[in-house]
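Computed over heavy atoms, backbone and side chain alike; hydrogens, waters and symmetry mates excluded.
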Amino acid sequence: MRHLLDTTDLTLGEIDDMIALACDIISDGKKYSHICDGKKLATLFFEPSTRTRLSFEAAMYELGGNVLGFSEGGSSSASKGESVEDTVRMVSCYADIIAMRHPLEGAPRVASFKSGVPIINAGDGGHAHPTQTLTDLLTIYREKGRFDNLTVGLCGDLKFGRTVHSLIKAMSRYENVSFVLIAPKELQVPEYIITDVLEPSGASYIQVEDMEQEMPNLDILYMTRIQRERFFSEEEYLKHKDAFILDLGKLRTAKEDLTIMHPLPRVNEISTEVDDDPRAKYFVQALNGKYIRMALIITLLKWGGAL
C-alpha cells in the first residue's frame with residue numbers, strides 16, 4: 001500500500017504513467033466506468049473546498065464507486081476533540097481510499113501512519129497540494145506536449161500558496177525548466193523552496209516584482225490568489241490583495257502560445273476579460289483535475305491490491 005502525501009512520492013516514470021492513464025480516460029471514459037464498482041472513497045475535508053472535493057467525488061462516481069465523508073471539520077467528531085489519527089483509523093474501516101484536506105501542515109502524513117487504506121493529501125495548510133500539481137502537470141502536457149525546456153512564471157502569493165510549492169517541486173525535476181517568481185517581497189517563496197528544492201535541482205530561477213517585464217519570456221503563467229485565510233491580520237491581507245491583476249493589457253507582449261493557469265478559486269487577480277482569450281486554460285485545468293484524480297484513484301487501489 002502506498003500513499004500520496006507529496007508529488008515527490010512519485011517517480012517521474014510513475015507520473016508519466018498516471019498522465020498516460022488520464023489521457024486514455026479522456027479518450028475512452030466508458031472503458032473505466034465500472035473499474036471501481038463496490039469501492040468507496042472517503043473525503044475527509046477539515047477545511048473548505050469546492051473544486052478539489054467535488055472533482056474527487058466526480059472522479060469516484062465516474063469510475064463506478066461511491067463516496068462518503070464530510071466537507072468541514074465542524075461536522076465531524078474533530079469538533080468533539082477526536083484526533084486525526086483516530087478519525088482516519090475509524091474511517092479506514094468503512095472506505096477503500098481516503099482523500100484528506102487539513103489546515104495543519106503534515107496532518108495527512110500523521111494520518112498515514114494509522115490508516116489501513118491509501119491516503120491522498122488533498123492539501124495540508126500552506127505546505128503541499130500534490131493532486132493539484134498532478135492536475136497542473138496534465139494541463140501542461142496537454143497544452144505543451146512536454147515538461148522540459150519551459151519557462152514557468154508563478155505570480156501572486158508564493159509564500160503561502162501550497163499549489164506553487166508543489167508545482168516547483170515537480171517541475172524542477174525536469175530538464176531546462178526556468179522559474180520566474182513574481183511576488184511582493186513579503187510573499188516570495190519560503191526559503192526552504194530555494195535552498196531545498198531549486199538550488200539542489202540546478203533549475204534556473206529569478207525573483208521579481210514586475211509581471212510585465214518578464215511576460216515575453218514565459219511559456220506558462222501560473223496565477224494565484226492572495227489568500228485571506230493564510231494571513232495573520234486583515235491589514236496585511238488588504239496591503240497585498242491587489243498586488244497583481246492580469247488583464248488583456250498585460251498580455252499584449254505575451255507569446256501567442258502562452259498557457260495561462262490558475263488553481264482557482266479566482267478573486268480578482270485575473271480580469272474576466274481574459275477568460276475568452278484562447279490562452280486562458282484555468283477552466284480546462286479544473287476539468288483535467290477530475291481526469292487525473294480518476295487515474296490516481298485507479299493507480300493507488302491497484303498498487304494496494306484492491307483492484
Side-chain angles (χ1 to χ4, degrees), residues 1-46 49 51-71 84-85 87-102 107-124 128-138 141 166 170 286-307:
M1 184 180 69
R2 285 176 60 184
H3 309 285
L4 179 64
L5 306 175
D6 200 297
T7 315
T8 53
D9 293 340
L10 301 170
T11 68
L12 295 186
E14 289 168 343
I15 290 173
D16 289 344
D17 290 344
M18 211 170 295
I19 286 174
L21 177 56
C23 289
D24 194 50
I25 290 169
I26 291 169
S27 64
D28 187 8
K30 290 183 179 179
K31 183 164 60 174
Y32 299 91
S33 60
H34 293 287
I35 194 168
C36 285
D37 281 359
K39 302 300 178 184
K40 292 185 288 295
L41 165 73
T43 54
L44 309 187
F45 279 65
F46 295 86
S49 169
R51 273 146 300 279
T52 302
R53 182 173 61 86
L54 292 182
S55 65
F56 264 115
E57 293 180 359
M60 193 57 164
Y61 285 132
E62 292 197 20
L63 294 171
N66 292 294
V67 178
L68 52 91
F70 52 83
S71 59
V84 166
E85 296 98 318
T87 298
V88 166
R89 198 165 185 172
M90 176 271 299
V91 173
S92 296
C93 300
Y94 308 144
D96 302 284
I97 189 167
I98 294 171
M100 177 181 171
R101 170 168 289 189
H102 202 282
R109 185 171 299 279
V110 170
S112 72
F113 299 144
K114 298 295 183 180
S115 178
V117 300
I119 294 281
I120 300 171
N121 179 3
D124 60 333
H129 197 346
T131 65
Q132 179 63 52
T133 301
L134 291 174
T135 297
D136 299 339
L137 292 176
L138 177 58
Y141 181 78
S166 287
L287 177 59
N288 285 335
K290 179 184 70 172
Y291 296 128
I292 199 66
R293 289 178 175 103
M294 291 172 73
L296 175 62
I297 289 168
I298 292 171
T299 299
L300 288 180
L301 287 177
K302 283 187 174 179
W303 285 347
L307 286 183

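Taking CD1 of Ile120 as the reference point, atom CG of Leu296 lies at 4.0 Å (rounded to 0.5 Å). Considering CD1 of Ile26 and OH of Tyr32, their distance stands at 11.0 Å, rounded to 0.5 Å. The structure places CZ of Arg293 at 13.0 Å from CG of Leu300, a figure rounded to the nearest 0.5 Å. Note: Cys36 SG to Met294 CE = 8.5 Å, rounded to the nearest 0.5 Å. Summarising the geometry, atom OH belonging to Tyr94 is positioned 11.5 Å from atom NZ belonging to Lys40; distances are rounded to the nearest 0.5 Å. Rounding to the nearest 0.5 Å places CG of Leu44 at 7.5 Å from OG1 of Thr87.
A 4.5 Å side-chain heavy-atom check between Leu134 and Leu10 finds at least one atom pair inside the cut-off. No side-chain heavy atom of Leu301 sits under 4.5 Å from any side-chain heavy atom of Ile35. Using a 4.5 Å heavy-atom cutoff, the side chains of Cys23 and Leu138 are in contact. Looking only at side-chain heavy atoms (C-beta outward), Ile292 and Thr131 stay at 4.5 Å or farther from each other. Annotation: side chain of Thr299 is not in contact with side chain of Asp17 (no heavy-atom distance under 4.5 Å). In this structure the side chain of Asp9 never reaches within 4.5 angstrom of the side chain of Pro130, judged on heavy atoms. The shortest side-chain heavy-atom distance between Leu287 and Lys290 falls under the 4.5 Å cut-off. Contact of the Leu307 side chain with the Lys39 side chain is registered, since non-hydrogen atoms from C-beta on lie closer than 4.5 Å.
A donor-acceptor pair under 3.5 Å is absent between the side-chain atoms of Asn288 and the main chain of Thr135, judged by distance alone. The main-chain N or O of Ser112 is never found under 3.5 Å from a side-chain atom of Ser115 such that the two would form a donor-acceptor pair.
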- Message: Evaluate Thr7 against Ile15 for side chain to side chain contact (heavy atoms under 4.5 Å, CB included), listing each step before the verdict.
- Response: CA-CA 9 Å; Thr7 315; Ile15 290 173; 4.2 Å; yes
- Task: Please test Met100 against Phe46 for side chain to side chain contact (heavy atoms under 4.5 Å, CB included), starting from the C-alpha separation and ending with a verdict.
- Result: CA-CA 8 Å; Met100 177 181 171; Phe46 295 86; 4.0 Å; yes
- Query: Going through the distances and angles, do Arg109 and Asp124 end up as a salt bridge (Lys or Arg N to Asp or Glu O under 4.0 Å)?
  - Reply: CA-CA 9 Å; Arg109 185 171 299 279; Asp124 60 333; over 6 Å; no
- Task: Evaluate the side chain to side chain contact (heavy atoms under 4.5 Å, CB included) criterion for residues Leu63 and Leu41: first the C-alpha distance (whole Å), next the side-chain angles of each, then the deciding distance (0.1 Å), finally the verdict.
- Result: CA-CA 11 Å; Leu63 294 171; Leu41 165 73; over 6 Å; no
- Query: Please walk me through it: do Asn121 and Asp6 pass side chain to side chain contact (heavy atoms under 4.5 Å, CB included)?
  - Reply: CA-CA 7 Å; Asn121 179 3; Asp6 200 297; over 6 Å; no
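Counting heavy-atom neighbours within 6.0 Å of Lys30 NZ, excluding the residue itself, gives a total of 12 or less. Atom CZ of Arg89 has 12 or fewer neighbouring heavy atoms from other residues, nucleotides or ligands inside a 6.0 Å radius. The 12-atom threshold is not exceeded at OH of Tyr141, counting heavy atoms of other residues, nucleotides or ligands nearer than 6.0 Å.
Residues Ser166 and Thr133 share a closest heavy-atom pair of CB-OG1, 2.7 Å. Scanning both residues, Ile19 and Leu137, for their nearest heavy atoms gives CD1-CB, 4.0 Å. Closest of all the heavy-atom pairs between Gly116 and Ser92 is N-OG, 3.1 Å. In terms of heavy atoms, Asp37 sits closest to Gly64 at OD1-O, 3.4 Å. Minimum heavy-atom separation, Ala59 to Ile297: CB-CD1, 4.2 Å. Here the closest non-hydrogen pair linking Leu5 and Pro108 is CD2-O, 3.8 Å.
Defined by atom type and a distance below 3.5 Å, a donor-acceptor pair is missing between the side-chain atoms of Arg53 and Thr43.
For Arg101 and Phe45, the positive end is not near the middle of the six-membered ring at less than 6.0 Å and at most 45° from its axis.
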